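Read the structure below first, then the notes.
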There are 2 protein chains.
Amino acid sequence: MTTIKDVANKANVSVATVSRVLNQRGYVSEDALSKVLQAIKELDYQPNSVARTLYNKTSNMIGLIVPDIQNPFFPELARAVEDVANIYGYTVVLCNSDQDEKKEREYVDALKQKYIDGLIMSTHHQQENVYSAANIPVVALDRVGDERLPAVVSNNYNGGWKAAEYLVERGATRLAHIRGPRGITSSEERYNGFMAYIKNQGLDCVIEECPFQLNPAEELAERFYAAHPHIDGVFASNDVVAAGFLKVALKQKIPVPDRLQLIGFDGIAFGHMMYPELTTVAQPIYEMGALASRLCIKLIEGRQTEQLTNQLPVQIQLGGTTRGA
Amino acid sequence: MTTIKDVANKANVSVATVSRVLNQRGYVSEDALSKVLQAIKELDYQPNSVARTLYNKTSNMIGLIVPDIQNPFFPELARAVEDVANIYGYTVVLCNSDQDEKKEREYVDALKQKYIDGLIMSTHHQQENVYSAANIPVVALDRVGDERLPAVVSNNYNGGWKAAEYLVERGATRLAHIRGPRGITSSEERYNGFMAYIKNQGLDCVIEECPFQLNPAEELAERFYAAHPHIDGVFASNDVVAAGFLKVALKQKIPVPDRLQLIGFDGIAFGHMMYPELTTVAQPIYEMGALASRLCIKLIEGRQTEQLTNQLPVQIQLGGTTRGA
DNA sequence: CAAAAATCTGTAACCGGTTACATATAAAGA
DNA sequence: TCTTTATATGTAACCGGTTACAGATTTTTG
């Protein structure tokens, strides 16, 4: 591997001069400049980023901690984070925490040791430890654990409200909400928004709780349809759960959307892969990831962010699981 | 941040002794050992991995280059790679290449600069550059670009054969294969396996080609069903394409599986999220990722691998898009 | 009991960069 | 013309570890 010393030798200058050329800092004569550039080209020299990191305490790497990349919501988010990071010359290190606080802490420690420049986290755990111990920028994405952290989220509350409103407007009268796990900000907010509309309209509804996974959703759906045959509008707190409910409904030959309307939340890609397509409250997933990435880099570069919480709008995405207007 | 010097001072020994304790190398007296351990504990010292990397030229990082993490096949693979890597103390850096050779090369360069210890690549490009320039272990995953590279793949040929056989055994007589893009090993092999069975049985079939994406698959399906109304068995080269064909079939009210049987390839999670569930030739995706990761680490640790190509078996996964036996 | 071998420890060089500082020369100002 | 200032460059310390080597002490061996 060619080092800065090799370049210096070849160009007949000192390493300091080469370094000055590389970093475009300090004074370098025309003559030296061209000799160095020539040597760099001839030797196909690339400065060693580890050595740079050691001195500069900055690695051009961003950590991204998600619960599980297998959860179909996160690949798009991760992709967006990486795309933006790349533009600015950053590399992304992806970590799956399984929502395990210990794992999260271990990852954060390991990443900090590698002089990671910033951290983007999707977790509902309190991040005081991260927040205090690290002097690196941390951006919360989708899930907010700590209020003091800059965050990128979608308007979950509004989404919940819209979902309820949408179902009611399409003629649903007996509503149910399959809410997500307690303690996760997004599912709480969706629930709150949904309930606010329900109360506002003086309606009644059935509430069930379900983790954001297919199998539990299917199991719950079986029981649910048996227990509540009259329900004609279901709002699931995420698309995976909605898919589970749709699947069981189709299996049981419950006419969707004629006798049962279904709306999910997220707007992940596979909503389009099924038939009928899932009607859903779509978050701007890619936008969220991209924004978080930009925000993180902005903070790394020392610039302040205007606002702590960045809330992006959601939008109903028409599918075939709800009726036309 | 506490450094090895701080520890040495506190323990009243030299940095060399502390280093010996850390690496459990060389002679260290009982007395010095306990003093150092005590100091480490009191200062909550963690050795700086960047400094270590600089000297050792090894980073405990593995690069994973995939075409696009948004392709639902890759998250499971990536997860497996990361899980195994973690067990052995390695961190994974994920990169999306978009199948762009230039991007791939840039990533490889950047990763090598960071003293990445090994590389796992899912690409169909020739990797001579990688293979020659890098003296780091490279493992090909799912897609093989270079024959000389150790690789982990599933038995795509056998999968293609099995798919044909399965359709025929369930009574399909007019077969079609929607093959994947040319030049990608896996799609070629699936095609070859399928055709081998067809020829072996003296059958005839329709072949179409489609990229591994939903929209093109849907468009093709529309045209396909119009042009070939008599086809009663379709083998799609991957599950996304199969999903597109299923979606259009359902939309057109073509009875599946009674008048049209459908089988995909991959066994990705969303096959279970739809109704009917997708019948598919399932690859052991997680196993493949885990094996690639283990293989890579084995090579990093200097041990030789028994065989260059590791081919894992595929298995038909029963869904509702084919008839019972 | 002396020599050889094993154990212990510190100094300093090294990994490959960056930069403070000293020094030298050229250009500008008095 | 003599300062002063701007330009140019090299030396050496530094980032935080690892390790070759040398010297000192202890243990083993003959």
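Bear in mind the structure is a predicted one, so any value in this text is a computation, not a measurement. We use all heavy atoms of the structure for the numbers below, so side chains are in, but hydrogens, waters and symmetry mates are not. Throughout, a chain's letter reflects where its sequence line sits, starting with A, and its residues are numbered from 1.
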Over how many whole Å does the gap from [X] atom [atom1] to [N] atom [atom2] extend?
X	N	atom1	atom2	result
A:Asn48	C:dT18	CG	P	10 Å
B:Arg20	C:dT7	CZ	P	14 Å
A:Asn23	C:dT18	CG	P	4 Å
B:Leu22	D:dG17	CG	P	8 Å
B:Leu54	C:dT18	CG	C1'	13 Å
B:Ile4	D:dT19	CD1	C1'	11 Å

Map A:Asn12 and B:Thr17 onto DNA chain D by nearest heavy atom, then report which one ends up closer to the 5' terminus. A:Asn12

Without hydrogens or angle criteria, can the side chains of B:Tyr107 and B:Asp100 be said to hold a donor-acceptor pair below 3.5 Å?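 Not at all, the side chains of B:Tyr107 and B:Asp100 share no donor-acceptor pair under 3.5 Å.
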
Answer with yes or no whether the side chains of A:Tyr115 and B:Asn48 bring together a donor and an acceptor at under 3.5 Å. yes

Output yes when at least one side-chain N/O atom of [X] is less than 4.0 Å from OP1 or OP2 of [N], else no.
X	N	value
A:Ser19	C:dT18	yes
B:Ser14	C:dG10	yes
A:Ser29	D:dT9	yes

Salt bridge A:Glu42-A:Lys10, side-chain N to carboxylate O under 4.0 Å: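 So A:Glu42 pairs with A:Lys10 through a salt bridge.
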
In sequence, state the C-alpha distance, the side-chain angles, and the governing distance for B:Arg79 and A:Asp98, and then conclude on salt bridge (charged side-chain N to carboxylate O under 4.0 Å, His left out). CA-CA 11 Å; B:Arg79 182 64 209 257; A:Asp98 285 322; 2.6 Å; yes

